[in-house]
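Data block below; observations after.
Convention: sequence-line order gives letters A, B, ...; per-chain numbering from 1. Computed over heavy atoms, backbone and side chain alike; hydrogens, waters and symmetry mates excluded.
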Amino acid sequence: MRRPRRSPMTTIAQSLTELVRVAADAAGYADSPVPLEPCVATNNPDHGDYQSNYAFRVGKSLRTNPRAVAQAVVDALPSSEMIAKAEVAGPGFINFTLSDAWLSSDVQRRCRDARLGAPSPGAGRTVVIDFSSPNIAKRMHVGHLRSTIIGDALRRLYSFAGWNVIADNHVGDWGTPFGMLIVAWHEWRDDAAYDADAIAELQRLYQLFRENAKADEALMVRARAETAKLQAGDEENAALWTQFVMASMAEFDLVYDRLGVEFTVTLGESFYQPKLAQIIQDLLDRKIAIINYGAVVVPFTAEDGKGLGKNPLLIRKSDGAALYGTTDLATVLHRVETWSPERVIYETDNRQQQHFKHIFAASKKMGVTHVDFRHVFHGILRFPDGAVVSTRAGGSGTTNLIDVLNTAVSRARAVVDEKSASLPEAERAVIAETVGVGAVKYFDLSQNPASDITFDWDRSLSMEGNSAPYLMYAHARCCSIVRRAAERGVVAGDLRLLEPAERNLALAVARTADAALLAAETNRPNLLCDHLYTVAQSLSRFYVNCRVLGDDVDDATSASRLTLVAGVAQALRTGLDLVGVGTPSRM
RNA sequence: GCGCGGUUAGCUCAGCUGGAUAGAGCGCUGGCCUCCGGAGCCAGAGGUCACAGGUUCGAAUCCUGUACCGCGCACCA
């Protein structure tokens with residue numbers, strides 16, 4: 001068997017940083033307590049391609065002139081085919097300009113690699129990502145959108161970075177709502193309606209229960225009794241529970257398929273119920289938890305961390321029932337025992353920040369001290385009609401997720417029909433699906449998760465600006481050129497960077513791997529989206545300045561530009577796939 | 001009251017592990033169609049990065065305080 005072509009396994013910034021390290025050692029700064037600072041891309045082409053700010057740190061540490069340090073490092077740089085120019089600038093910056101020849105070959109190598117030449121900083125490391133987590137017996141609504149697609153983007157990004165990723169859908173499949181449903185099921189169910197649309201009927205029954213329970217307290221008493229029976233293992237209730245869960249999961253899967261979202265496991269709250277009593281007892285025995293007002297709580301002090309507030313974490317109500325915090329602690333323990341993750345990420349809305357601070361602090365008290373817990377929280381998603389969408393307000397007034405997707409797809413379809421009427425009907429339908437769903441996802445993912453965002457139909461589906469259709473269009477244009485080249489028998493050849501627009505584009509392609517890794521490490525998919533947008537913008541400039549095919553373009557230039565265009569397509573395709581957005585080759 | 005977010009161009013938002021002159025889209029003004037896909041490109045105007053201090057070679061970014069907005073504060077999740 002032939003082994004796959006070896007990827008460069010390093011980013012440009014890393015290679016330059018290594019050169020600076022060697023030079024710093026040679027210049028006598030090896031003993032400096034200053035950690036080596038990674039080289040970074042310049043934000044101004046006048047300053048070259050990459051810069052190092054290392055000399056400022058050393059200069060400060062040694063109380064010497066940073067400019068002199070920078071000069072010493074530059075003088076000590078080992079000769080490298082990477083660098084065309086290295087110079088000291090300003091108060092002590094070291095600016096690097098890459099050699100065109102080296103950059104050309106680097107970009108060519110990366111474009112032949114499905115991973116764009118990215119290293120795998122996550123190799124041998126495991127991360128659990130907890131996201132989406134909808135509640136059973138309700139249709140997914142737009143309040144679930146952000147967690148679902150941001151979490152899935154993180155899943156993809158961490159996989160790209162080489163991590164072993166456990167994507168866990170912690171569905172809400174337990175608790176009093178099931179008692180309510182069971183009561184309502186017996187009272188008011190419409191079998192025909194259930195057969196036609198199980199979730200719709202379950203939602204109706206749930207709403208009906210809520211409305212009637214306001215006036216009839218006996219209903220709530222019955223619901224609690226049914227819940228208790230379910231928890232005690234009553235066969236009839238267990239069968240109903242299973243039925244409701246199965247119907248819900250089938251419904252969720254329709255949405256997940258549509259969104260291209262995948263999970264490694266789906267371990268809902270019910271999975272952890274058998275473990276809760278033991279955990280509560282254990283925490284009491286170890287004096288981590290105490291009894292307060294008849295309830296069992298984990299108290300916190302200032303030493304446990306900041307932002308924990310005044311209140312403890314409640315893990316058993318005074319009536320003996322466990323709570324979601326209890327389940328969350330059981331979940332932590334199960335994940336640690338099962339996968340030994342280095343990192344655990346929770347993607348939820350920002351209102352749960354304090355809750356997760358409690359969970360993380362309590363986990364440490366339980367002895368889980370070696371896990372890097374991260375709460376990636378997102379802001380509110382608003383819709384233009386003013387409706388505020390929240391996870392918990394999933395009542396009758398909210399918009400179904402599937403309806404949002406359908407609206408986006410039909411809007412996309414109208415545009416495709418208008419702009420690409422010549423394409424076959426079936427292909428137009430596929431394109432509209434990709435564009436519509438991608439537009440919704442990208443609108444969210446291209447913004448900082450922490451921000452509140454207001455959905456904007458026109459902007460998300462616009463061909464202008466930082467939108468999915470713009471990026472898809474850039475990709476489709478590349479594919480179009482590649483197709484046309486094949487028709488004419490033009491073959492891709494060695495990359496030669498002659499025009500500034502070509503060089504800028506090549507550099508942007510080369511930096512895509514860095515952007516993906518940065519997005520993973522910072523848990524911000526929007527950083528990758530930002531970069532992909534600059535790639536697309538660079539492409540448009542290249543497109544108007546540099547013809548690939550044509551009578552007035554010589555063969556070597558055609559071959560070179562064809563390589564570059566194919567590479568751009570590869571970068572856009574890979575990058576958009578990392579945020580779960582598709583890339584049609586025609587649109 | 002305690003805690004957590006947020007405040008950047010007319011609008012919508014990037015940028016925040018400190019780096020050089022703060023970016024983009026929309027909108028506005030003015031250009032570019034003998035065009036590999038104009039679903040595009042170029043140029044211009046537009047900013048006391050909420051405010052006040054502090055840290056230092058350097059602050060939108062870090063620290064402290066203030067103002068305003070949003071959210072959360074044990075027997076829901």
Side-chain angles (χ1 to χ4, degrees), chain A residues 37-38 40 42-44 46-47 51 53 56 59-60 65-67 89-93 95 133 135 172 174-177 269 292-298 306-321 323-325 327-328 348-355 357-358 377 379-380 388 390-392 415-416 418-420 446-448 450-454 456 458-459 462-467 469-470 472-474 476-485 488 490 521-522 526-527 529-530 533-534 537 540-541 543-550 553 558 561-562 565 586-587:
Chain A
E37 186 170 314
V40 294
T42 59
N43 57 14
N44 183 340
D46 293 344
H47 301 139
Q51 69 184 63
N53 304 325
F56 293 112
K60 183 172 187 174
N65 181 356
R67 237 194 112 85
F93 298 102
N95 292 339
S133 307
N135 290 326
W174 201 251
T176 331
E269 293 171 356
N292 208 4
Y293 300 105
V296 179
V297 301
V298 177
K306 291 188 67 175
L308 292 165
K310 295 190 298 188
N311 291 325
L313 173 67
L314 194 66
I315 58 173
R316 191 177 73 192
K317 299 197 280 185
S318 52
D319 69 1
L323 297 99
Y324 76 125
T327 308
D328 283 343
T348 78
D349 70 80
N350 57 16
R351 290 168 306 182
Q352 300 196 48
Q353 285 180 78
Q354 191 160 71
H355 171 68
K357 283 191 165 131
H358 280 165
F377 52 86
I380 291 172
V388 175
S390 70
T391 305
R392 278 186 290 175
V415 178
V416 174
E418 181 196 337
K419 303 289 184 184
S420 306
S446 61
Q447 303 188 54
N448 190 325
S451 303
D452 290 347
I453 63 176
T454 302
D456 183 329
D458 292 333
R459 193 151 68 85
S462 168
M463 302 301 154
E464 298 169 338
N466 190 4
S467 69
Y470 179 86
M472 291 181 191
Y473 176 62
R477 282 174 125 182
C478 291
C479 293
S480 174
I481 292 174
V482 170
R483 277 194 302 269
R484 185 139 315 195
R488 298 189 186 183
V490 176
E521 192 47 41
T522 57
N526 65 303
L527 297 183
C529 294
D530 258 10
Y533 181 52
T534 68
Q537 284 182 310
S540 289
R541 287 179 195 126
Y543 189 87
V544 296
N545 289 307
C546 307
R547 286 191 63 87
V548 177
L549 309 171
V553 184
S558 262
R561 289 176 178 171
L562 184 57
V565 164
R586 293 194 291 192
M587 59 186 284

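- The side chain to side chain contact (heavy atoms under 4.5 Å, CB included) check on A:Asp452 picks up A:Asn350, A:Ile380, A:Arg382, with sequence neighbours excluded.
- Within the nucleic acid shown, A:Leu308 has no heavy atom closer than 4.0 Å to any nucleic acid atom.
- Not counting sequence neighbours, the partners of A:Asn466 by the side-chain hydrogen bond (donor to acceptor under 3.5 Å, both in side chains) test are A:Tyr442.
- Taking A:Ser540 as the reference, A:Tyr470 meet the side-chain hydrogen bond (donor to acceptor under 3.5 Å, both in side chains) condition, with sequence neighbours excluded.
- Of the listed nucleotides (B:rA77, B:rU21, B:rG1), B:rG1 has the atom at the smallest distance from the side chain of A:Lys310.
- The separation between A:Asn43 atom CG and B:rG23 atom C1' is 10 Å, rounded to whole Å.
- Base engagement by A:Arg547 is indicated by at least one non-hydrogen atom pair under 4.0 Å involving a base atom.
- Only the P atoms considered, B:rA20 is 13 Å distant from B:rU61, to the nearest whole Å.
- Donor-acceptor pairing under 3.5 Å, judged by distance alone, is present between the side chain of A:Ser318 and the base of B:rC75.
- Under the salt bridge (charged side-chain N to carboxylate O under 4.0 Å, His left out) criterion, A:Asp46 pairs with no residue at all, not counting sequence neighbours.
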Contact list (N/O, under 3.5 angstrom) for nucleotides 10-16 of chain B vs protein:
residue, atom, partner, partner atom, Å
B:rU12, O2', A:Arg459, NH2, 2.6
B:rA14, OP1, A:Asn448, N, 3.1
B:rA14, OP1, A:Ser451, OG, 2.5
B:rA14, O3', A:Asn526, ND2, 3.2
B:rA14, O2', A:Asp530, OD1, 3.3
B:rA14, O2', A:Asp530, OD2, 2.4
B:rG15, OP1, A:Asn526, ND2, 2.8
B:rG15, OP2, A:Asn448, ND2, 3.3
B:rC16, OP2, A:Arg524, NH1, 3.3
B:rC16, OP2, A:Arg524, NH2, 3.3

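- Using a 4.0 Å heavy-atom distance criterion, A:Tyr533 is classed as a sugar-phosphate-only contact.
- Heavy atoms of A:Ala485 sit nowhere under 4.0 angstrom from any nucleic acid atom.
- Checking B:rC57, B:rC73, B:rA77 against the side-chain heavy atoms of A:Tyr324 singles out B:rA77 as nearest.
- For the C1' atom pair drawn from B:rC75 and B:rC4, the interatomic distance equals 23 Å after rounding to whole Å.
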Between the protein and nucleotides 41-47 of chain B, which nitrogen or oxygen pairs are less than 3.5 angstrom apart?
residue, atom, partner, partner atom, Å
B:rC41, OP1, A:Tyr470, OH, 2.8
B:rC42, OP1, A:Arg541, NE, 2.3

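- Within 4.0 Å of A:Cys478, counting heavy atoms only, lies no atom of the nucleic acid at all.
- Between the side-chain ring of A:Phe93 and the base of B:rA20, a stacking contact exists by the 5.5 Å and 30° definition.
- Within the structure, every side-chain polar atom (N or O) of A:Lys357 is placed at least 4.0 Å from both OP1 and OP2 of B:rG72.
- Applying the salt bridge (charged side-chain N to carboxylate O under 4.0 Å, His left out) rule to A:Glu464 yields no partners; only residues at least two apart in sequence or on another chain are considered.
- B:rA9 sits 8 Å from B:rU48 when the P atoms are compared, rounded to a whole Å.
- Taking every side-chain heavy atom of A:Arg586 into account, B:rG37 is the closest of B:rG19, B:rA77, B:rG37.
- Relative to the side chain of A:Met463, the nucleotides B:rC76, B:rA39, B:rG1 differ in distance, and B:rA39 lies closest.
- A donor-acceptor pair under 3.5 Å is absent between the side-chain atoms of A:Arg586 and the main chain of A:Ser480, judged by distance alone.
- Across all strands, A:Asn95 comes closer than 4.0 Å to base atoms (heavy-atom distances).
- B:rC51 and B:rA43 have their P atoms separated by 30 Å, given to the nearest Å.
- For A:Tyr473, there are no ring pair (Phe, Tyr, Trp, His ring centres under 6.0 Å) partners two or more places apart in sequence or in a different chain.
- Rounded to the nearest Å, the gap between the C1' atom of B:rA22 and that of B:rG46 is 14 Å.
- Contacts of A:Pro469 with the nucleic acid, taken as non-hydrogen atoms under 4.0 Å apart, are absent.
- B:rU56 and B:rC63 have their P atoms separated by 16 Å, given to the nearest Å.
- Rounded to whole Å, atom P of B:rA74 lies 5 Å from atom CG of A:Asn311.
- Comparing B:rA24 with B:rU64, their C1' atoms sit 33 Å apart, to the nearest whole Å.
- In terms of polar N and O atoms assigned as donor or acceptor, the side chain of A:Ser420 comes within less than 3.5 Å of the base of B:rA39 in a complementary pairing.
- Side-chain atoms of A:Thr42 never come within 3.5 Å of backbone atoms of A:Gln51 as a donor-acceptor pair (strictly under, hydrogens ignored).
- Spacing between B:rC49 and B:rC13 at atom C1', rounded to whole Å, works out to 14 Å.
- Under the side chain to side chain contact (heavy atoms under 4.5 Å, CB included) criterion, A:Val548 pairs with A:Ile481, A:Phe542, A:Arg561, A:Leu562, A:Val565, not counting sequence neighbours.
- Residues satisfying the ring pair (Phe, Tyr, Trp, His ring centres under 6.0 Å) test with A:His355, not counting sequence neighbours, are A:Tyr324.
- Proximity of A:Phe377 to A:Asp349: side-chain heavy atoms (C-beta onward) are nowhere separated by under 4.5 Å.
- A:His358 places a side-chain N or O within donor-acceptor distance of the main-chain N or O of A:Asn311, the cut-off being under 3.5 Å.
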- Treat a base pair as Watson-Crick or G-U wobble with both distances under 3.5 Å, then lay out RNA chain B in dot-bracket form, 5' to 3', with | for cross-strand pairs. (((((((..((((.....[...)))).(((((.......))))).....(((((..]....))))))))))))....

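- Among the heavy atoms of the strands lying under 4.0 Å from A:Ala476 is at least one base atom, whether or not backbone atoms are also near.
- With rounding to whole Å, A:Arg483 atom CZ is found 11 Å from B:rC36 atom C1'.
- Side chain of A:Ala295, nearest nucleotide from B:rG37, B:rC4, B:rC75: B:rC75.
- The backbone N or O of A:Cys529 sits nowhere less than 3.5 Å from a side-chain atom of A:Ser446 that would complete a donor-acceptor pair.
- You'll find that the side chain of A:Gln51 is closest to B:rA20, out of B:rG72, B:rA20, B:rA77.
- Legend: residues meeting ring pair (Phe, Tyr, Trp, His ring centres under 6.0 Å) with A:Tyr543, ordered by chain and number and at least two apart, are absent.
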